[in-house]
There are 2 protein chains.
Amino acid sequence: MTRITSKFQTTHDCADCPIRHRAVCARCEADELAQLEQIKYYRSFEAGQNVVWAGDQMDFVASVVTGIATLSQTMEDGRRQMVGLLLPSDFVGRPGRNNSAYDVVAATDLVMCCFRKNPFENMMLRTPHIGQRLLEMTLDELDAAREWMLLLGRKTAREKIASLLCIIARRDASLQLRQSDGELRFDLPLTREAMSEYLGLTLETVSRQMSSLRKEGLIITEGKRHIIIPDFDSLLEETGDDSDGGFLV
Amino acid sequence: MTRITSKFQTTHDCADCPIRHRAVCARCEADELAQLEQIKYYRSFEAGQNVVWAGDQMDFVASVVTGIATLSQTMEDGRRQMVGLLLPSDFVGRPGRNNSAYDVVAATDLVMCCFRKNPFENMMLRTPHIGQRLLEMTLDELDAAREWMLLLGRKTAREKIASLLCIIARRDASLQLRQSDGELRFDLPLTREAMSEYLGLTLETVSRQMSSLRKEGLIITEGKRHIIIPDFDSLLEETGDDSDGGFLV
DNA sequence: CCCAAGCCTTGACATAGATCAACCCATGAC
DNA sequence: GTCATGGGTTGATCTATGTCAAGGCTTGGG
């Protein structure tokens with residue numbers, strides 16, 4: 001776990017630690033180690049590995065430390081729909097339920113910080129702060145899910161692709177601050193297939209629309225996965241979203 | 001508000017009252033009247049009326065007492081997607097946010113029980129029980145949203161219609177217990193247009209698929225809105241859902 | 001009684017995206 | 001070097017659903 005311990009310096013609000021890692025922090029470790037010793041542990045997964053399968057027992061809740069995980073549902077005939085995309089600091093698992101309703105899959109190499117479910121639930125009872133934080137996060141996820149429903153139900157393939165690129169670019173930028181002058185660059189953490197599962201499209205359509213955005217200069221690609229967005233606002237206009245989105249706080 | 005007071009006899013777990021009405025109960029009124037006097041009030045709406053508009057200030061949270069409300073998002077060019085369907089006992093509003101992100105519309109005549117937001121938030125701080133209940137409800141909504149995403153992203157028009165009918169029939173049955181032998185009957189509380197906004201279809205497609213299910217005997221209609229499902233399981237098979245859905249508890 | 005407004009249905013036609021298929025390019029095993 | 005594999009692209013075709021348009025039924029107002 002060297003990748004994690006190397007981050008112990010990060011300044012960090014300890015109270016948030018059990019349910020939202022920005023990083024794992026030294027102070028928090030010291031403060032809570034006693035009670036957490038038996039509760040908290042780390043697990044690593046390789047890209048493509050399942051963390052749990054839909055229907056399986058899931059005796060832990062967890063938050064993503066590094067990497068990206070997805071939640072997906074599968075229909076009997078194999079049609080799949082992604083229903084959650086977990087970036088670092090995001091939370092999975094549902095207090096008060098013992099089985100996962102979804103496949104949880106590592107989209108990239110992945111490190112998760114897990115908490116055994118029962119002790120975590122007890123901790124929630126003793127520490128209302130944690131429940132409140134969890135409620136806040138769940139409400140955020142619900143909002144994200146509702147945006148996603150608009151995308152799935154009403155957007156064109158091109159709008160879907162543009163939206164996804166903007167979502168990832170935005171999250172990536174806020175995590176890693178990689179812009180240089182107006183230009184945004186990042187590695188797509190998803191295969192074309194994973195993108196198609198996110199967007200409710202086939203992977204061929206994803207590929208075609210990516211090509212089309214590339215031909216029109218809205219994105220530039222280096223290799224298959226590295227994306228450059230020369231002008232974020234132009235791409236935003238292709239999403240069909242209200243331009244002044246963030247007026248809600 | 002006679003419709004409400006007439007239900008005061010209903011047995012009811014008081015602790016749940018502030019955030020989930022099964023009915024408004026006398027004991028609860030007595031217990032909490034003092035603190036609630038300034039907090040709690042009722043509002044009625046006619047079918048079609050907006051409760052709030054997306055972006056508007058929303059200084060209350062509320063639960064549905066009778067009738068049905070919808071949450072919808074609209075794109076600049078007018079495309080609309082429903083993202084929430086609120087049946088009696090469901091909750092709207094988000095502690096910690098002052099503006100509604102969605103249009104809230106009365107789909108039928110509607111009575112809501114509202115709580116002023118600030119006092120409600122204070123009450124949440126004093127009463128952890130309420131926060132826990134709200135977390136539970138929010139997690140349920142998130143699960144519902146994720147089912148809905150699968151529907152929007154991957155189901156055919158026919159599967160979408162069958163799913164919607166099953167969802168409403170089930171909720172309606174659990175609320176009102178109206179089955180007689182295997183047969184289920186209920187009034188569709190949604191226009192074809194509202195159904196199309198729910199399902200991410202056009203109203204013409206909704207109409208055609210309803211006709212097709214009718215011709216095949218999977219549903220029977222009396223007038224435009226009254227639906228009879230002669231065999232719920234046959235209809236369920238048209239939804240594409242896993243037959244043994246409810247194994248999670 | 002007539003008329004307008006909502007809501008719904010049905011038909012004819014257009015099209016976005018799915019499907020099927022071929023092929024390219026890296027990578028890693030042997 | 002060869003081969004198999006996984007990921008990605010592109011073309012040709014098909015089809016489910018959208019679009020446009022007409023008309024029916026019910027309700028309520030004048």
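The model shown is predicted, which means the values in this text are computed figures rather than measured ones. Residue numbers start from 1 in every chain, and the chains themselves are labelled A, B, ... in the order their sequence lines are given, proteins ahead of strands.
At the phosphate of C/dT10, neither OP1 nor OP2 sits under 4.0 Å from any side-chain N or O atom of B/S207. Neither OP1 nor OP2 of D/dA16 sits under 4.0 Å from any side-chain N or O of B/T156.
For B/Q209 and C/dC8, the CD to P distance is 16 Å, given to the nearest whole Å. Atoms CD (A/E159) and C1' (C/dG17) sit 14 Å apart, rounded to a whole Å. To the nearest angstrom, C1' of D/dA16 lies 15 Å from CZ of B/R154. Rounding to whole angstrom units, NZ of residue B/K155 and P of D/dA16 are separated by 18 Å. Spacing between atom CG of A/L188 and atom P of D/dG7 amounts to 14 Å, rounded to whole angstrom units. Counting to the nearest Å, the C1' atom of C/dT9 and the CG atom of B/L213 are 15 Å from each other. Going from atom CG of A/D187 over to atom P of D/dG8 covers 13 Å, rounded to whole Å. For the pair B/M210 CE and D/dT17 P, the interatomic distance rounds to 16 Å; values are reported in whole Å.
Side chain of B/R225 to backbone of B/L188: a donor-acceptor contact under 3.5 angstrom is found.
Under the 4.0 Å criterion applied to side-chain N and carboxylate O atoms, B/K224 and B/D187 are not assigned as salt-bridge partners. Using a 4.0 Å cut-off between charged side-chain N and carboxylate O, B/R214 and B/E216 make no salt bridge. Salt bridge annotation for A/D77-B/R154: absent, with no cationic side-chain nitrogen under 4.0 angstrom from a carboxylate oxygen.
To the nearest 0.5 Å, the span separating CG on B/L201 from CZ on B/R158 amounts to 13.5 Å.
With A/F186 as the aromatic partner, A/R170 does not meet the cation-pi criteria of under 6.0 angstrom to the ring centre and within 45 degrees of the ring axis.
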Short N/O separations, protein against nucleotides 27-29 of chain C, under 3.5 angstrom:
none

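Contacts with DNA chain D (heavy atom under 4.0 Å) in residues 191-206 of chain B: B/G200, B/L201, B/T202, B/E204, B/T205, listed by number.
Under 3.5 Å, the side chain of A/R208 and the base of D/dG11 form at least one donor-acceptor pair of N or O atoms.
Taking the six-membered ring where tryptophan is involved, the planes of B/Y198 and B/W148 are essentially parallel, since the angle between them stays under 30° and well short of 60°.
Comparing A/K224 and B/K224, the nucleotide of DNA chain D nearest to each residue sits closer to the 5' end for A/K224.
Counting heavy-atom neighbours within 6.0 Å of B/Q49 CD, excluding the residue itself, gives a total above 12.
Partner A/T74 forms a side chain to side chain donor-acceptor pair (under 3.5 Å) with one of A/Q81, A/R80, A/R79 and no other, that one being A/R80.
Nucleic acid contact for A/R225: sugar-phosphate only, since backbone atoms but no base atoms lie under 4.0 Å from a heavy atom of the residue. Note on B/R158: nothing from the nucleic acid sits closer than 4.0 angstrom, heavy atoms only.
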